[in-house]
There are 2 protein chains.
Amino acid sequence: MGISLKDVALRAGVSVKTVSNVVNEYRHVTPQTRQRVQRVIDELGYRPNLTARHLRKGRTGMIALALPELGNPYFAELADAVIEYAGALDYIVLLDHTNGRRDQEVLFAQGFRARVIDGLILSPIELENEDLLARESDAPLVLLGERQYDAPYDHIAIDNVAAARTAAAHLIELGRRRIAFLGARHGQARQTAHLRLQGWREVMAEAGRPTGEEYVAATDGYTREDGAQAMARLLDSGVRPDAVFCYNDLIAIGAMRTLTTRGLRVPEDVAVVGFDDIEDGRYCATTLTTVAPHKRAIARAATDALLERLALTGGQEIEPRRVQPGFALIPRESTTGRS
Amino acid sequence: MGISLKDVALRAGVSVKTVSNVVNEYRHVTPQTRQRVQRVIDELGYRPNLTARHLRKGRTGMIALALPELGNPYFAELADAVIEYAGALDYIVLLDHTNGRRDQEVLFAQGFRARVIDGLILSPIELENEDLLARESDAPLVLLGERQYDAPYDHIAIDNVAAARTAAAHLIELGRRRIAFLGARHGQARQTAHLRLQGWREVMAEAGRPTGEEYVAATDGYTREDGAQAMARLLDSGVRPDAVFCYNDLIAIGAMRTLTTRGLRVPEDVAVVGFDDIEDGRYCATTLTTVAPHKRAIARAATDALLERLALTGGQEIEPRRVQPGFALIPRESTTGRS
DNA sequence: CCGGTGTTGTATAACGATGTAAAACACATC
DNA sequence: GATGTGTTTTACATCGTTATACAACACCGG
């Protein structure tokens with residue numbers, strides 16, 4: 001089939017191991033030998049057989065990335081970042097989605113895909129703490145996203161409260177007074193939406209702005225449609241906000257549509273801030289101000305955490321990491337009027 | 001690390017190959033031996049090491065599926081179907097996306113990922129015929145989707161003209177007279193949109209309905225936003241259709257929103273038909289009538305075609321296949337008024 | 001009891017890479 | 001020239017599996 005080390009060795013007149021040494025940039029190879037071997041490698045177009053390498057090394061070189069849904073651009077973009085970063089480190093990423101369902105999340109955590117992947121990055125939605133504690137698989141697991149757990153696993157998530165505070169503060173600075181929050185979910189105190197809601201509440205209270213329930217609109221999901229409906233309900237309830245901070249960009253985009261439909265101008269009448277910095281937001285009719293979690297930093301942190309655990313030999317243990325990648329407020333037309 | 005054949009063999013008092021024979025359900029093993037070995041397998045929890053198996057077999061057991069974008073639910077759902085079907089056949093699917101860009105499509109066709117995957121299923125958008133003819137990689141390639149090529153590769157796509165005819169005919173049957181088409185793209189006679197447009201045109205002409213350019217709205221992309229804008233342009237141009245057939249469900253959903261916004265009722269004033277049968281369409285306020293390509297059949301056909309080529313030994317050749325999986329019109333509220 | 005035929009099990013060699021240990025070589029020091 | 005020290009290269013075993021070839025055994029008909 002393909003060209004193997006043996007073929008190269010034969011042609012270059014050296015041993016198989018020497019070729020391997022050249023390929024792996026082993027130190028003690030004379031420049032002459034290295035050059036000669038390298039020439040043959042290029043000539044024959046040798047590419048290492050990953051399967052064989054992985055067999056020998058006892059690893060597959062693959063990691064799984066299990067996200068709630070790929071239909072949400074935030075996750076699609078995040079997946080992209082992980083695939084790119086891990087790819088540069090010669091890891092192959094298996095992309096999976098859980099639909100945000102607990103049973104599927106448990107399945108992945110328990111090691112569906114065991115023996116195929118070396119480790120797993122999981123972004124849970126419904127997974128419970130007890131599920132993690134009951135985990136049996138010994139493949140490294142890194143948790144992603146805002147849900148909080150009390151279990152010994154690496155966890156990568158931005159500081160949602162701080163990020164929400166930044167967004168709210170931005171609106172306050174612009175002189176807005178009645179700032180609504182779109183996208184809270186009922187119950188579920190540990191969930192992300194709660195953290196963002198908390199950040200909003202803190203800043204509102206500090207600035208002496210209303211934080212009543214009438215300014216909070218819950219949504220069932222996180223889609224544009226959910227945002228459009230929530231915005232409509234809010235307006236129908238008689239509240240007249242001059243700004244809305246949305247749980248994510250999709251909701252914000254939906255909200256903007258409703259506002260436009262109702263004859264309200266963005267940002268003159270109502271300023272809008274989203275969260276995620278998905279590409280859509282940059283191409284809206286009115287470009288969307290948003291809080292941008294640093295996706296590449298998240299991807300890097302998650303991958304690094306996983307690979308570091310994979311590099312541990314034998315019985316070594318390291319403390320679970322909590323990493324908080326950065327974020328940035330990106331002001332665009334939906335609050336400033338110009339991009 | 002894990003339990004190997006050797007461990008099982010030792011414990012069961014048989015040779016490694018015998019255990020392998022049991023695992024692979026080789027015929028000539030006595031029930032006694034089989035039972036004894038099986039018991040040890042269960043006891044130790046032996047799972048075969050895929051890496052080793054693949055090394056020995058000269059295959060990786062992985063196929064790549066390269067789709068334009070995962071943000072479009074149609075592709076996400078299709079990916080799901082392929083992953084599930086191929087998974088049942090013990091193949092692992094590597095999911096990639098090309099953003100519908102020619103350079104990336106060429107990259108995949110040329111064998112980015114070579115030596116990692118056994119074959120590739122590619123759904124091209126911009127790829128040109130010459131790119132295919134210039135292809136050097138010898139890994140099997142199966143083409144997916146409606147773009148037509150004159151190159152020796154398997155091609156899986158539903159009959160788009162027929163499918164579009166079905167949709168148009170449905171609207172005609174309901175007594176609609178001025179039926180617009182949303183989602184044509186400029187130029188590009190070989191593209192999918194052209195086929196669906198053609199089906200629409202044929203049926204309109206046969207029924208003596210108008211097919212003028214004023215009833216055709218082009219879009220830049222295939223998103224909800226594109227649909228909303230195209231619908232708005234159409235209405236602003238003074239045309240008053242009593243039905244629209246949209247290139248896909250996303251465009252249809254966008255169009256429905258514009259209609260609602262403008263005070264037009266679906267389906268009373270304007271009936272709407274989409275294409276793809278994405279899940280969103282089933283949960284719209286007004287559920288969406290759509291043409292449903294049989295995604296599982298497509299996934300099956302593509303995977304089967306690829307695996308069949310993989311099964312070919314040595315110099316064997318088979319003719320490129322053209323498979324046309326089925327489709328079905330699914331009437332819902334957006335045309336019938338009830339679901 | 002022989003040879004033929006078919007079944008069941010085993011020993012051994014691959015697949016393509018890397019780790020280990022040691023051989024081969026270079027060079028300086030005494 | 002013997003010894004030591006460090007560099008460069010090699011032979012061989014190994015990862016866990018399957019393919020090949022053959023040995024061992026059973027059964028049958030003559």
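Remember, predicted model here, so these are calculated numbers, not experimental data. Chain naming here is simple, since letters A, B, ... match the order of the sequence lines and numbering starts at 1 in each.
Between A/Val40 and A/Val19 the shortest side-chain heavy-atom distance does not fall below 4.5 Å.
The base of C/dT18 lies close enough to the side chain of A/Arg56 for a donor and an acceptor atom to sit less than 3.5 Å apart.
Other residues, nucleotides and ligands contribute more than 12 heavy atoms inside 6.0 Å of the CD atom of B/Glu43. A 6.0 Å sphere centred on CZ of B/Arg322 holds more than 12 heavy atoms belonging to other residues, nucleotides or ligands.
Here the P atom of nucleotide C/dG16 and the CZ atom of A/Arg47 are 16 Å apart, to the nearest Å. Summarising the geometry, the separation between NZ on B/Lys6 and P on D/dG16 is reported as 8 Å, rounded to the nearest angstrom. For the pair A/Leu50 CG and C/dT18 P, the interatomic distance rounds to 10 Å; values are reported in whole Å. Taking atom CG on B/Asp7 and atom P on D/dC15, their separation rounds to 10 Å, with Å as the unit. Spacing between atom CD1 of A/Ile3 and atom P of C/dA17 amounts to 10 Å, rounded to whole angstrom units. The CG atom of B/Leu55 sits 10 Å away from the C1' atom of D/dT18 (whole-angstrom rounding). Rounded to whole angstrom, the span from the CG atom of A/Leu10 across to the P atom of C/dG16 amounts to 14 Å. Note: CD1 (B/Ile41) to C1' (D/dT17) measures 13 Å, nearest angstrom.
Proximity of B/Asn24 to the phosphate of D/dT18: a side-chain N or O atom is located under 4.0 Å from OP1 or OP2.
Using a 4.0 Å cut-off between charged nitrogen and carboxylate oxygen, A/Arg147 and A/Glu126 do not count as a salt-bridge pair.
At the heavy-atom level, A/Arg53 lies under 4.0 Å from the strands shown only through sugar-phosphate atoms.
Screening A/Leu67, A/Leu65, A/Ile278 for a side chain to side chain contact (heavy atoms under 4.5 Å, CB included) involving A/Phe75 leaves a single residue, A/Leu67.
Listed by chain and residue number, A/Phe112 satisfy the ring pair (Phe, Tyr, Trp, His ring centres under 6.0 Å) test with A/Phe108 (two or more places apart in sequence, or in another chain).
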> Step by step, would you call A/Asp276 with A/Lys295 a salt bridge (Lys or Arg N to Asp or Glu O under 4.0 Å)?
Replying inline: CA-CA 9 Å; A/Asp276 280 353; A/Lys295 298 191 194 82; over 6 Å; no

Under-3.5 Å N/O pairs linking protein and nucleotides 8-11 of chain C:
unit_1	atom_1	unit_2	atom_2	d
C/dT8	OP2	B/His28	ND1	3.1
C/dG9	OP1	B/Thr30	OG1	3.0
C/dG9	OP1	B/Thr33	OG1	2.4
C/dG9	OP2	B/Thr30	N	3.3
C/dT10	OP2	B/Ser15	N	2.9
C/dT10	OP2	B/Ser15	OG	3.1
C/dT10	OP2	B/Thr18	OG1	2.5

